[in-house]
Amino acid sequence: MRLYIILLSICFACLAICSQAQKLIGAELKSMEALIDSAEFYKLKSPNRTHQLSMEIISHVPVKENEELYVHALLLAANSEKMLSRKEESLNHSSQALAIANQVNNRDLMIKSNFMKGSIFGQDDVNDSALVYYQKVIDLHRPGIDPYYVSSAYTSVGQVYTSIGSYQKAEEYLLKGYQLSSGDDYAKLFSLASVISFYVIRDNPKYLSYLDTLAMSDFYKKASAASFMAHFDSFLLLDEATDEEKEKKLKEVYTYSFTHSSKVNQVGYGMKLYGQLDKMQKYKEAYVLLQNLYQKALNTENKTHIAGVVRALYENSKARGDLLSALKYLEEHSQLRDSLLSEENMDRISELNIKFEAAQKDHEIEQQKIRLGQERRDRNFFVILAIVLCALAIVIFIYFRNRARSVQRISEQEKIIHLKETEQLQKEKEMSELTATLESQERERNRIARDLHDGIGSMMSGISSQIEYLRSQPVVEQAAHSHLVELRDMVKEATSELRRTSYELMPAKLLRLGLEPAIRDLCLNLLVKNGIEPTMEINADLSILDAEQQLGLYRIIQEVVNNVVKHAEARHVLIQFNYFDHEISLVVEDDGKGFDFVAKSMNGGLGLGSLQSRVNVIKGFLDIASIPGEGTTVTVNFPVLSPSPASLTHD
């Protein structure tokens with residue numbers, strides 16, 4: 001059951017991954033594109049509506065295979081949040097867009113995402129960060145890419161430099177932005193306005209040509225007179241200027257327009273100047289200006305401009321006290337207003353039709369989303385059902401396969417257990433035989449040692465006594481002195497050899513005093529006499545070992561030391577005992593020439609087989625570490641069998 005749940009979870013996860021990597025096509029793609037169009041439509045009019053539509057796109061569109069659509073929605077969401085002064089949310093969405101754009105290496109998306117981040121920081125006056133991201137937009141620019149973002153980036157950088165007083169770099173970037181904006185009307189308006197403001201700040205008359213270019217753009221040709229004039233105070237930085245400064249600047253603009261601007265622009269500039277003169281109550285000068293503007297407005301055949309001038313003439317005549325002229329201009333203005341109202345009504349009807357079509361489009365989009373959602377749910381249901389059935393079939397198959405494998409595995413494990421039991425019995429038998437053999441050898445050593453000591457030893461003592469007796473006889477001493485001395489020395493040497501052999505067979509000190517004195521005696525007899533300096537470090541109580549363990553350890557040390565004397569060519573030998581966690585460790589280390597342990601063990605050299613056998617008897621672990629030229633270390637670890645002191649007895 002648990003396996004079934006795991007497999008089902010994996011299947012659902014796979015389904016989720018597949019759905020995330022699905023490329024939108026057909027009706028679903030058209031629906032999302034329609035939502036994008038609607039979000040773009042409301043981008044400036046209703047940021048909340050744009051945010052709602054863009055978030056809906058983000059929640060429904062998989063990122064994988066739909067990166068461009070997804071990034072577009074993220075940037076719309078970021079822009080609406082920027083307009084709503086939600087900086088953190090805006091930065092978060094623009095960062096997501098930038099990460100996806102970098103991942104798919106889409107230069108156009110990277111430009112848009114970097115520009116959005118730069119504009120967010122710029123709106124918050126974080127100039128350093130804004131410059132970084134605007135510069136990235138500039139670096140990413142290539143011919144053929146939409147000039148709007150690059151042009152706007154140059155212009156924005158120029159505005160930043162203007163704000164910090166770096167006018168040379170500001171002019172360089174602003175003019176570059178204007179040059180690049182030629183392919184985009186909206187970018188051109190933005191760059192032109194920035195250039196105009198820059199030159200006005202520095203009281204540079206260059207602004208006049210750019211101002212006229214701005215006034216002749218399609219955007220301002222389609223704009224109302226009120227919209228056209230509303231920008232002047234901000235472009236010309238007249239918001240906080242005095243009346244005299246405003247009059248001077250507006251006369252400068254109006255005079256420039258005589259030779260460089262269209263009639264429509266001349267009327268627009270003149271009406272702005274009239275407004276200032278009227279405010280300053282210079283009615284006569286204003287009347288002369290209006291008469292001139294009236295003729296120009298008639299030449300433009302623009303009813304809105306004509307109506308505006310006529311309305312101004314009516315107000316000016318009334319202010320001057322010329323009531324007859326005021327009445328005439330009022331009647332003319334009424335006729336023009338009726339005509340304009342008719343045209344405005346037609347425009348309003350057209351606008352209402354556009355709004356109705358937009359509402360109808362939104363309704364169609366909602367219906368399409370509902371239909372697509374239902375289709376998606378139905379498709380997901382059948383996919384899930386198919387996956388569940390497949391998972392169930394897989395679980396059943398795995399269950400029976402595992403059952404068969406379990407039966408086979410149990411059978412194999414029983415065979416292995418039987419084989420291990422057989423091997424264990426064989427090892428126990430071999431150990432028992434080995435123990436019996438070693439015990440038999442030790443008994444035989446004991447017997448031989450006693451026989452040598454009691455038999456041949458007594459005989460050698462008797463021979464030695466007879467030789468001494470003969471030496472005490474003057475006649476014999478004089479006749480065979482040299483022979484008796486030689487014979488006496490031979491008997492002493494034979495006696496020493498007999499004692500040494502007897503000691504090796506069964507050391508007397510081990511029987512009488514214990515393991516430690518026996519080892520020291522062994523070192524004296526074998527190492528010191530052969531010019532090797534021994535060192536003993538006993539950090540364990542060896543008296544807790546029983547007789548069998550003590551004898552076994554003695555034989556192990558005896559064999560290792562014999563090998564050192566015969567083969568190692570060592571100068572120093574360390575014999576060390578340590579006790580830890582109910583286990584005693586024996587280490588015998590020399591500084592001799594070492595040997596190839598692997599090769600020697602394969603050849604059975606140095607008595608390694610016998611050494612391993614003796615270690616096995618005391619149930620210990622043997623480790624031999626040796627490198628040619630670096631000495632040898634023999635380590636034996638074995639458990640302490642008896643916690644109480646044991647005494648050695650003589651068989």
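All residue numbers refer to positions in the sequence shown, counting from 1.
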Heavy-atom side-chain contact between D128 and V132 under 4.5 Å
no
Among V573, V561, L526, which residue satisfies the side chain to side chain contact (heavy atoms under 4.5 Å, CB included) criterion with I532?
V573
Nearest 0.5 Å, please: how far is CG in L389 from CG in L385?
4.5 Å
Checking N637 against S585: is there a side-chain donor and acceptor pair closer than 3.5 Å?
yes
Is the closest basic N to carboxylate O distance between E559 and R555 below 4.0 Å?
no
How long is the straight-line distance from OG1 of T635 back to CG of N578, given to the nearest 0.5 Å?
10.0 Å
L574 side, atom CG; H572 side, atom NE2 - distance, nearest 0.5 Å
11.0 Å
Does Q135 have any side-chain contact (heavy atoms from CB on, under 4.5 Å) partners at least two apart in sequence or in another chain, and if so, which?
I138, D139, Y173
Side chain of T633, backbone of I624: donor and acceptor closer than 3.5 Å?
no
E81/N79 under side-chain hydrogen bond (donor to acceptor under 3.5 Å, both in side chains): CA gap, chis, key distance, verdict:
CA-CA 5 Å; E81 287 160 348; N79 186 67; over 6 Å; no
Is any side-chain heavy atom of Q558 less than 4.5 Å from a side-chain heavy atom of N562?
yes
Apply side chain to side chain contact (heavy atoms under 4.5 Å, CB included) to the pair N92 and E88, showing each step before the final yes or no.
CA-CA 6 Å; N92 181 43; E88 294 302 324; over 6 Å; no
Considering non-hydrogen atoms only, spot the tightest contact between I111 and V137 and give its length.
O-CG2, 3.5 Å
For the student: nearest non-hydrogen atoms of L527 and P534, plus distance
CD1-CB, 3.7 Å
State, yes or no, whether a side-chain contact exists between I618 and L553 at a heavy-atom distance under 4.5 Å.
yes
Run C523 and I575 through side chain to side chain contact (heavy atoms under 4.5 Å, CB included) and show every step you take.
CA-CA 10 Å; C523 292; I575 300 175; 3.6 Å; yes
Could you walk me through whether F638 and I584 pass the side chain to side chain contact (heavy atoms under 4.5 Å, CB included) check?
CA-CA 6 Å; F638 63 95; I584 286 182; 3.8 Å; yes
Scan for salt bridge (Lys or Arg N to Asp or Glu O under 4.0 Å) pairs involving residues 92-114, sequence neighbours excluded, and state none if there are none.
D108-K112
CG of L74 to CE of M55, rounded to nearest 0.5 Å, is 8.0 Å
Decide yes or no for I557 and L522: does some side-chain heavy atom of the first lie under 4.5 Å from some side-chain heavy atom of the second?
yes
So, does Q96 use its side chain to make a donor-acceptor pair with the main chain of S94 at under 3.5 Å?
no
Pairwise side-chain contact, L109 with I100, heavy-atom cut-off 4.5 Å (strictly under):
no
Looking at CG of N66 and NE2 of H72, how far apart are the two atoms once the value is rounded to the nearest 0.5 Å?
14.5 Å
Counting only heavy atoms not in D378 (residues, nucleotides, ligands), do more than 12 fall under 6.0 Å from its CG?
yes
Give every donor-acceptor pair under 3.5 Å between a side-chain atom in residues 115-123 and any protein atom, sequence neighbours left out.
{"unit_1": "K117", "atom_1": "NZ", "unit_2": "S95", "atom_2": "OG", "d": "3.0"}
{"unit_1": "K117", "atom_1": "NZ", "unit_2": "Y133", "atom_2": "OH", "d": "3.3"}
{"unit_1": "S119", "atom_1": "OG", "unit_2": "K82", "atom_2": "NZ", "d": "3.2"}
{"unit_1": "S119", "atom_1": "OG", "unit_2": "F115", "atom_2": "O", "d": "3.4"}
{"unit_1": "S119", "atom_1": "OG", "unit_2": "M116", "atom_2": "O", "d": "2.7"}
{"unit_1": "Q123", "atom_1": "NE2", "unit_2": "K82", "atom_2": "O", "d": "3.0"}

Show the nearest heavy-atom pair for residues F621 and V615, with the distance to one decimal.
N-CG1, 3.7 Å
Could you pull out the closest heavy-atom pair between P639 and Q549, with the gap in Å?
O-NE2, 3.3 Å
Ignoring hydrogens and angles, tell me if any N or O in the side chain of S129 forms a donor-acceptor pair with the backbone of V126 under 3.5 Å.
no
Within a strict 4.5 Å, meaning less than it, do heavy atoms of the S113 and L75 side chains meet?
yes
Provide the closest heavy-atom pair for M110 versus L98 in the form atom of the first, atom of the second, distance.
O-CD1, 4.2 Å
Main-chain N/O of T632 paired with S626 side-chain donor or acceptor, under 3.5 Å:
no
Between the CG atom in L545 and the OG atom in S543, the distance rounded to the nearest 0.5 Å is 8.0 Å
Salt bridge (Lys or Arg N to Asp or Glu O under 4.0 Å) pairs touching residues 586-595, sequence neighbours excluded, are E569-K593
I need the full list of salt bridge (Lys or Arg N to Asp or Glu O under 4.0 Å) pairs touching residues 397-420, with sequence neighbours left out, sorted by first then second residue.
none
Provide the closest heavy-atom pair for M32 versus I57 in the form atom of the first, atom of the second, distance.
O-CD1, 4.2 Å
Residues two or more places apart in sequence or in another chain: which of them pass side-chain contact (heavy atoms from CB on, under 4.5 Å) with L84?
P47, N48, R86
Test log, rule side chain to side chain contact (heavy atoms under 4.5 Å, CB included), inputs R520 and L524:
CA-CA 6 Å; R520 294 186 185 278; L524 182 64; over 6 Å; no
Using a 4.5 Å cut-off on heavy atoms from C-beta on, say whether the side chain of L542 contacts that of F577.
yes
Just so I know, are the side chains of F382 and I387 near enough to count as touching, which here means a heavy-atom distance under 4.5 Å?
no
Would you say the side-chain atoms of N616 and Q612 include a donor-acceptor pair closer than 3.5 Å?
yes
